[in-house]
Amino acid sequence: MQSAIFFAFQHNCGQMEKTPSSCQNEEKKGKMKRTIIKDWKTRLSYFLQNSSTSTKTKSNKKGKQHTYFRPSPEEAQLWSEAFDELLANKYGLAAFRAFLKSEFCEENIDFWLACEDFKKIKSPQKLISKAKKIYNEFIEKEAPKEINIDFQTKNMIAQNIQEATHTCFSAAQKRVYSLMENNAYPRFLESEFYQELCKKSQITREPQGT
């Protein structure tokens, strides 16, 4: 009887020893999740920092002035009419990329943007060099920002970049565009950040004395 009790006590102690470790793992996961959410909110709130002013001027390395406009609620609302409306707006594109980064899938928009730049290249030599760079970064197996496309498309791209043309990545770009339009885009429109952009600011004025 005593042996049985002693065995049961040992068994329970073993479980008790595992519990703190499990709790620590859960705590780490919870802390990581809170950090990710905080980082996401920080990135997105960046775009709301100038709510009191309509423009922000920034100088680049060459000293040129660039003015960035915070979109009006009406302009932000246009982004919900079509995915292209969002991508065509620099502010909207930056906000969408920050949102994708919070979901760990910014490789999709990065690839799409890389393809847009790729199609503007005129030099054949630069075209080949850029094609290989895009392939190494987004297409090949275990690439740093590997996108989710089928094996057949990957093989086709691998063959096409040997004699690169502006259509090398067309099939993959359409696939990625469709994924963003049908999945991430609707979630972005439902996000708290986008809803905040669509709100009209209420300016309260102090009554003037007569």
Side-chain angles (χ1 to χ4, degrees), residues 33 35-122 130 134 137-139 145-149 153 166-205:
K33 186 176 181 180
T35 301
I36 292 169
I37 293 173
K38 183 179 179 181
D39 180 63
W40 172 68
K41 288 184 177 180
T42 300
R43 291 176 187 278
L44 295 184
S45 64
Y46 167 80
F47 301 101
L48 295 174
Q49 286 177 356
N50 302 307
S51 57
S52 60
T53 58
S54 60
T55 63
K56 178 180 180 181
T57 304
K58 184 178 180 181
S59 300
N60 61 12
K61 292 181 180 179
K62 295 181 180 180
K64 294 182 180 180
Q65 298 287 320
H66 293 282
T67 303
Y68 298 91
F69 292 84
R70 184 185 188 279
S72 65
E74 291 76 15
E75 184 181 356
Q77 287 169 7
L78 289 175
W79 303 347
S80 65
E81 293 183 3
F83 188 39
D84 286 335
E85 289 284 350
L86 174 66
L87 297 181
N89 186 285
K90 290 184 178 181
Y91 186 99
L93 179 60
F96 183 61
R97 187 182 183 279
F99 176 76
L100 290 179
K101 193 172 182 66
S102 74
E103 295 197 334
F104 303 100
C105 57
E106 72 271 19
E107 69 275 3
N108 288 331
I109 191 65
D110 288 348
F111 172 71
W112 186 85
L113 289 171
C115 289
E116 289 297 290
D117 290 338
F118 177 75
K119 290 185 287 187
K120 298 174 184 176
I121 297 175
K122 295 180 180 179
K130 183 66 173 179
I134 292 175
E137 188 174 3
F138 298 100
I139 307 299
K145 296 183 179 180
E146 185 178 3
I147 57 173
N148 184 20
I149 56 175
T153 303
H166 289 98
T167 59
C168 276
F169 303 100
S170 294
Q173 188 182 16
K174 288 179 181 179
R175 167 65 176 164
V176 166
Y177 179 95
S178 179
L179 284 173
M180 292 190 296
E181 183 179 30
N182 295 319
N183 295 304
Y185 176 53
R187 292 197 302 275
F188 171 76
L189 296 180
E190 294 175 359
S191 68
E192 181 180 346
F193 171 67
Y194 176 70
Q195 297 301 323
E196 186 68 28
L197 283 177
C198 292
K199 289 181 182 178
K200 293 184 178 180
S201 59
Q202 296 180 354
I203 302 175
T204 57
R205 298 187 179 184

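Keep in mind that what you see is a predicted model, and the values were worked out from it rather than measured.
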* Count the heavy atoms of every other residue, nucleotide or ligand shown that sit under 6.0 Å from NZ of K174, and state whether that count exceeds 12. => no

* Output, in order, the C-alpha distance, side-chain angles, deciding distance and verdict of side chain to side chain contact (heavy atoms under 4.5 Å, CB included) for M180 and L100. => CA-CA 9 Å; M180 292 190 296; L100 290 179; 4.1 Å; yes

* Structure fact -> Applying ring-ring contact (aromatic ring centres under 6.0 Å, His included) to F83 and not counting sequence neighbours gives F96, Y177, Y185

* Asked: Do V176 and Q173 come within less than 4.5 Å of each other through their side chains, counting heavy atoms only?
  -> no

* Asked: Does the side chain of N89 come within less than 4.5 Å of L78's, by heavy atoms?
  -> no

* To do: Quick one: pull up CD1 in I149 and CZ in R175 and give me the separation to the nearest 0.5 Å.
  => 9.0 Å

* Any chance you could measure D110, atom CG, to K145, atom NZ, to the nearest 0.5 Å? => 4.0 Å

* Asked: Side chain of S102, backbone of F99: donor and acceptor closer than 3.5 Å?
  -> yes

* **Evaluation steps, side chain to side chain contact (heavy atoms under 4.5 Å, CB included), between L179 and I147** => CA-CA 11 Å; L179 284 173; I147 57 173; over 6 Å; no

* Verify side chain to side chain contact (heavy atoms under 4.5 Å, CB included) between F118 and F169, making sure each step is shown before the conclusion. => CA-CA 9 Å; F118 177 75; F169 303 100; 3.9 Å; yes

* **E192, E181, E103 screened by salt bridge (charged side-chain N to carboxylate O under 4.0 Å, His left out) with R187, the one that passes** => E103

* Do the side chain of T167 and the main chain of S170 share a donor and acceptor less than 3.5 angstrom apart? -> no

* Of all residues at least two apart in sequence or in a different chain, which pass the side-chain hydrogen bond (donor to acceptor under 3.5 Å, both in side chains) check with E146? -> K154

* Quick one: pull up CG in L86 and OG in S80 and give me the separation to the nearest 0.5 Å. => 10.0 Å

* Structure fact -> Rounded to the nearest 0.5 Å, the OG atom of S191 sits from the CG atom of L197 at a distance of 8.0 Å

* Asked: Are the side chain of H166 and the backbone N or O of K122 linked by a donor-acceptor pair below 3.5 Å?
  -> no

* Sub-4.5 Å side-chain heavy-atom contact between L87 and W112 -> yes

* Decide if atom CG of N148 counts as having more than 12 heavy atoms of other residues, nucleotides or ligands within a radius under 6.0 Å. => no

* Report the C-alpha separation of K120 and D117 in whole Å, then their side-chain angles, then the decisive distance to 0.1 Å, and conclude whether the side chain to side chain contact (heavy atoms under 4.5 Å, CB included) test is met. => CA-CA 5 Å; K120 298 174 184 176; D117 290 338; 4.2 Å; yes

* Is the CZ atom of R97 crowded by more than 12 outside heavy atoms at less than 6.0 Å? -> yes

